[in-house]
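Encoded as structure tokens, the structure appears first; notes follow it.
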Amino acid sequence: MSVDEKLSRYAFKASEDRWQAAWEDRQCFSAGEDRDRPKYYVLEMFPYPSGRIHMGHVRNYTMGDVVARYKRARGFNVLHPMGWDAFGMPAENAAMEKKVHPAEWTYANIDTMRRQLKMMGLSIDWSREIATCHPDYYRHEQQMFLDFLEAGLIEQREGWVNWDPVDRTVLANEQVIDGKGWRSGAPVEKRRLSQWFFKITDYAQDLLDALDTLGRWPEKVRLMQSNWIGRSEGLRISFELEDRDDRLEVYTTRPDTIFGASFCAISPEHPVAAQLAADSAVLTEFIEECGKLGTSEAVIEQAEKIGFDTGLRARHPFVNGKTLPVYVANFILMEYGTGAIFGCPAHDQRDLDFARKYDLDVLPVVVPKDTEDFVIGDEAYTGSGRLTNSDFLDGLDVEAAKSEIANRIEAAGHGTREVNFRLRDWGISRQRYWGCPIPVVHCDDCGVVPLTAADLPVVLPDDVSFDRPGNPLDRHEVWKAVDCPKCGKPATRETDTFDTFVDSSWYFARFTAPQADAPTDRNAADYWLPVDQYIGGIEHAILHLLYSRFFMRAMTKTGHAGMDEPIAGLFTQGMICHETYQTEAGEWVEPANIVEGDGNTFIHAETGEPLTVGRSEKMSKSKKNVIDPEDIIKTYGADTARWFMLSDSPPDRDLDWTEAGITGAWRFANRLWRLVENSADSLPTEPTISENAEIRRAIHAAIAGVTEDLEAFHFNRSVARIHELVNTLSDLEPKTDGDVLHEGLEAVTRLIGPMMPHLAEELWKMLGHETLVAESDWPAFDASLLVQETVKIAVQVRGKMRGTIEIANDADQAVAEAAAMALPTVTAALDGDEIKKIIYVPNRIINVIH
RNA sequence: GCGGACGUGGUGGAAUUGGUAUACACAACAGACUUAAAAUCUGUCGGUCGCAAGACCAUGCGGGUUCAAGUCCCGCCGUCCGCACCA
């Protein structure tokens, strides 16, 4: 860089160091419980310490920082903390692959990522930092487990897991690939294991109902949660079984189709299936085959639907002598309803596919209105209509038939109306080391015994090895050995740890008092909660957010909190994507190794191989299309990186990372810096009000617009408005327009404050201020300046644009008509025809119909 | 498979929520400055036809509602997210 360039360019590095030190010095971002100002709690989803920050983090934390800095300028007492979602599988994988202890790996990653986040200049209260893997955090989680247990919110029962028979270890769904263990390659089996469950289903109705109160959540997230909870009103019907004393309980939401039933199907895990399998090797084999699909619902649903005819027959409750074959079918989930259904192929697609496959009857019992010769082909009919082929239900509509059949079945004692939820209890036991230990012991005499508060924390042992698969806690005889809290005899510790979703279900509460001796300090929690603005990826729309909502209720029930809903406002951001590059052999190549060849081609920087450019995809290590934020910040500065993150793409949509985009942002930062640099000396020292109404309108319209956009999360629009204002100000002559330029530059500087905080401080100083933008108020606008005297409105003839007219604001229809008719394009389009109607929307449009 | 979203110039996108489609930015092209390049500044920039005025076409595809549709409704196509042990 030449001397000349140094003089004409914004020296971001010095600036960033200077202002970050100034903020730190003055403790600008430390939060206290100031009751004189309204509080505002801004939170971004805390990161998993995977190694280095990625662009997704940069985008997420930039958005949160814009909100935090903006709200601070608006006079709010802002809490904006940061922490680490530090337990999880990657640390154990690293331990196996790189022979490094999970704790060491995790804490080193945290140090790196904290340093990187600080480079961004975020307005975070770092004194509140927490890491979920630290005993100071997880001891409180253990305490709450004990409290929840006592409050009846937890129970222990058996649950299914994916079992790798070769590695003799439990696998996560993502570790099962095509039905095989990812390391061993062995076909997985389903196994029953004793597990702890949070009874989230006790709150199913409440979690559903309360969605209506979450007005500042995206509609799509509320809808997804609502569907996930999946309330259904149906009927539990008890079928008699031929040659058996017991009955088969099925659950259905379409009892009206009972006369179209042609089979029953039960889950491979249904007790009846197990019983029959005891005497049937073929059925046993079939059930084992189903188990190879693992526990993933997505896999089960996508697998080919297969069944096994048990030979059992269920008696139809209303048709004398009619019996239905009972199948064991791989798509029936034991977790939903009763684990058994009756199938009506004509009116359910899955049942129809099954019936066609096994050649079962397809009898339509609901016919759409005004239809003759109704037949079912390859598509089931699930719409409304009249009942037919259904004895006493004939002629009724679907709703009436549902009600009638329910009445009859209840009266006959063959079943009951039942509300069901798709939502299942939350299994929290994990057979892994790097998680929060579950604070219970197993005693031969007393059974499962919870520890007491005095025994906490149960700390993970450090001396563990990962040289073989399985949970190291399980083989740690010293750590496991403990005296039973009840009888004092030797007992063993529970070796399962918590699902990491437990850690992230209450961290927002812990941030309100991170040093408290109890899980929360109610004074602080009641002051700060709920989170006013939460920001994170859409991928967490269901599980993390639903678990957190449950957890808050559980904390309230046990006295650790005082409200049900932890998150008042939610925003879900899009992902960061980048083009992908591949060699002819199909190997992925990093963007750093790409150079442009002749024409529109790209070649490998080192090997010179020709490369194909693939479409933009989510940045991922596997496709090597990642850009390291630290490289970008070092090259262009934090403000440029932040500005690019906010420009162009709407925050809820995916953002395409491009070289052109980041250099464009860099050029803008410099352009603005030069504008102030070149005009600062010519500006009046005492602010005066300019007579230039046009420019002042532009300035105040920008302030009004940016304010509105920031409130609505339209950051890309704020950026466009700031571009426009800077373009306008650039055209001014500092010597003659000094007063209005001064007003404009002061406004721009404060408007970019939340987005490019270092540059804003730098410009503020250049404009002669000794205060900090970080401690300044948000600029106000004068609404009276925004009113325009005349408006330009569109003129249409029969809905087609024919020109525009400029008339007075709120002009009468007569004025608008006269102006419109005077347009040659209008008279030409009318061609002498009679005018039938004129539609006039003041300040918008006039439409002449002929 | 089920549930949820998204689709506008060469590119990212804007559109007062049913009222002038393409703001703002990028890329490209032309010019100025420069020995030259970079940087910077100025101009052009949806498509077709036309010297021009202008006309016609265009918001994934096909229908519909309306004086008026990117926006609302119906049906397709494509892409993405979630599916309970990844975080």
Side-chain angles (χ1 to χ4, degrees), chain A residues 2 4-5 8-9 45 47-48 50 85 87-90 159 161-162 170-176 218-221 223-224 226-228 230 295-303 305 331 335 349-350 353 422-432 499-501 504 537-544 546-547 572 574-575 577 615 617-618 647-650 652-656 658-661 663-665 667-668 670-671 674 714 716-717 719-724 727 730 792-801 803-804 824-825 828 836-839 841 843-849:
Chain A
S2 72
D4 248 358
E5 279 172 323
S8 63
R9 281 198 183 194
M45 290 179 184
Y48 178 78
S50 54
D85 189 11
F87 274 138
M89 285 202 309
V161 295
N162 299 311
V170 176
L171 299 175
N173 281 337
E174 70 157 10
Q175 296 173 320
V176 179
E219 184 57 39
K220 62 177 170 184
V221 175
L223 193 57
M224 280 192 261
S226 172
N227 288 337
W228 184 263
T295 60
S296 161
E297 198 168 301
V299 170
I300 293 167
E301 290 277 330
Q302 275 168 90
K305 316 281 180 282
F331 58 92
E335 290 85 3
Q349 193 59 46
R350 208 162 49 176
D353 296 342
R422 207 186 72 97
L423 181 68
R424 310 201 292 257
D425 276 332
W426 174 14
I428 52 152
S429 298
R430 297 292 180 270
Q431 298 69 41
R432 294 188 224 295
D499 175 9
T500 56
F501 271 127
S504 55
I538 185 71
E539 66 273 20
H540 294 293
I542 298 175
L543 291 180
H544 163 57
L546 195 60
Y547 289 155
T572 55
M575 296 176 306
C577 302
R615 62 190 189 90
E617 291 187 66
K618 179 181 178 176
S647 307
D648 295 349
S649 292
D652 53 345
R653 263 202 248 173
D654 289 352
L655 179 146
D656 254 312
T658 59
E659 185 69 20
T663 54
R667 278 203 298 268
F668 176 75
N670 275 288
R671 197 153 80 86
R674 261 195 317 274
H714 292 154
N716 55 322
R717 294 210 305 212
V719 167
R721 283 185 211 274
I722 290 169
H723 278 141
E724 275 174 331
N727 288 344
S730 299
K792 203 168 89 179
I793 72 166
V795 180
Q796 297 183 342
V797 178
R798 260 208 286 188
K800 259 191 184 308
M801 259 295 284
T804 57
T825 46
K836 288 187 186 145
K837 194 165 147 193
I838 292 179
I839 289 151
V841 183
N843 302 335
R844 290 282 157 79
I845 202 161
I846 180 162
N847 191 2
V848 184
I849 317 299

Looking at the side chain of [X], which of [options] is the nearest nucleotide?
| X | options | answer |
| --- | --- | --- |
| A:M89 | B:A14, B:C86, B:A84 | B:C86 |
| A:R667 | B:C85, B:C81, B:A39 | B:A39 |
| A:A660 | B:A27, B:C24, B:G1 | B:A27 |
| A:K800 | B:C81, B:C56, B:C41 | B:C56 |
| A:R422 | B:C85, B:A39, B:A84 | B:A84 |
| A:M224 | B:C67, B:A23, B:G4 | B:G4 |
| A:T825 | B:A55, B:U20, B:A14 | B:A55 |
| A:M801 | B:A87, B:C6, B:U20 | B:U20 |
| A:A720 | B:A68, B:A23, B:C83 | B:A23 |
| A:S649 | B:A5, B:G13, B:A84 | B:G13 |

Charged N to carboxylate O under 4.0 angstrom, A:R422 versus A:E297?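 Salt bridge between A:R422 and A:E297, a charged N being under 4.0 Å from a carboxylate O: yes.
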Taking atom types as they are modelled, would you say the side chain of A:N227 forms a donor-acceptor pair with the base of B:G3 within the 3.5 Å cutoff?
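For A:N227, whose side chain was compared with the base of B:G3, there is no donor-acceptor pair (under 3.5 Å).
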Side-chain donor/acceptor contact of A:E297 with base of B:C2 under 3.5 Å
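No such pair is found, so the answer is no.
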[atom1] gap between [N] and [M], integer Å:
| N | M | atom1 | result |
| --- | --- | --- | --- |
| B:G10 | B:U48 | P | 10 Å |
| B:C67 | B:G18 | C1' | 12 Å |
| B:G19 | B:A68 | C1' | 7 Å |
| B:A23 | B:U59 | C1' | 15 Å |
| B:G13 | B:C76 | P | 27 Å |
| B:A14 | B:G9 | C1' | 13 Å |
| B:U71 | B:U66 | C1' | 13 Å |
| B:A53 | B:U34 | P | 36 Å |

Between [N] ([atom2]) and [X] ([atom1]): distance, integer Å:
| X | N | atom1 | atom2 | value |
| --- | --- | --- | --- | --- |
| A:N670 | B:C41 | CG | P | 10 Å |
| A:I849 | B:G19 | CD1 | C1' | 12 Å |
| A:D656 | B:U79 | CG | C1' | 13 Å |
| A:E659 | B:A25 | CD | C1' | 16 Å |
| A:I428 | B:C85 | CD1 | P | 11 Å |
| A:R844 | B:G18 | CZ | C1' | 10 Å |
| A:I838 | B:C67 | CD1 | C1' | 12 Å |
| A:I793 | B:U16 | CD1 | P | 18 Å |

What does [N] pair with, Watson-Crick or G-U, if both distances are under 3.5 Å?
| N | value |
| --- | --- |
| B:A28 | B:U44 |
| B:A23 | none |
| B:A14 | none |
| B:G1 | B:C83 |
| B:A68 | none |
| B:A53 | none |
| B:C6 | B:G78 |

Using a cut-off of strictly less than 4.0 Å, decide whether [X] has a side-chain nitrogen or oxygen near OP1 or OP2 of [N].
| X | N | value |
| --- | --- | --- |
| A:T804 | B:U20 | no |
| A:N716 | B:A23 | no |
| A:R653 | B:C6 | no |

Flag side-chain contact, heavy atom, 4.5 Å: [X] against [Y]:
| X | Y | value |
| --- | --- | --- |
| A:I722 | A:F668 | yes |
| A:I846 | A:V795 | yes |
| A:S504 | A:H540 | no |

Counting any heavy atom closer than 4.0 Å, what does [X] reach on the DNA or RNA strands: base, sugar-phosphate only, or nothing?
| X | value |
| --- | --- |
| A:V161 | base |
| A:W426 | nothing |
| A:D652 | nothing |
| A:L223 | sugar-phosphate |
| A:H544 | nothing |

query: Under the rule syn = chi within 90° of 0, otherwise anti, which is B:G9?
result: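 Here the answer is syn: the torsion falls within 90° of 0.
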query: What form does the base of B:U17 take, syn (within 90° of 0) or anti?
result: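 That one's syn.
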When you compare the side chains of A:T295 and A:N173, does any donor N or O come within less than 3.5 Å of an acceptor on the partner?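 A:T295 vs A:N173: donor-acceptor pair found between side chains.
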Nearest nucleotide by nearest heavy atom, which residue falls closer to the 5' end of RNA chain B, A:R798 or A:V795?
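Per heavy-atom nearest nucleotide, the more 5' residue is A:V795.
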### Of A:E219 and A:H714, the one whose closest RNA chain B nucleotide lies more 5'
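This one resolves to A:E219.
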Of A:L546, A:L543, A:I428, the residue whose pairing with A:F501 passes side chain to side chain contact (heavy atoms under 4.5 Å, CB included):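 Looking at A:L546, A:L543, A:I428, the match for A:F501 under the side chain to side chain contact (heavy atoms under 4.5 Å, CB included) is A:L543.
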Gap between atom CD of A:Q349 and atom NZ of A:K305 - 0.5 Å precision =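 With rounding to 0.5 Å, NZ (A:K305) is 10.5 Å from CD (A:Q349).
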Inter-residue atom distance A:E219.CD - A:S226.OG, 0.5 Å rounding: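 Between atom CD of A:E219 and atom OG of A:S226 there are 9.5 Å.
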Any side-chain to backbone donor/acceptor pair from A:D652 onto A:T572? Under 3.5 Å, distance only.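 Such a contact is absent between A:D652 side chain and A:T572 backbone.
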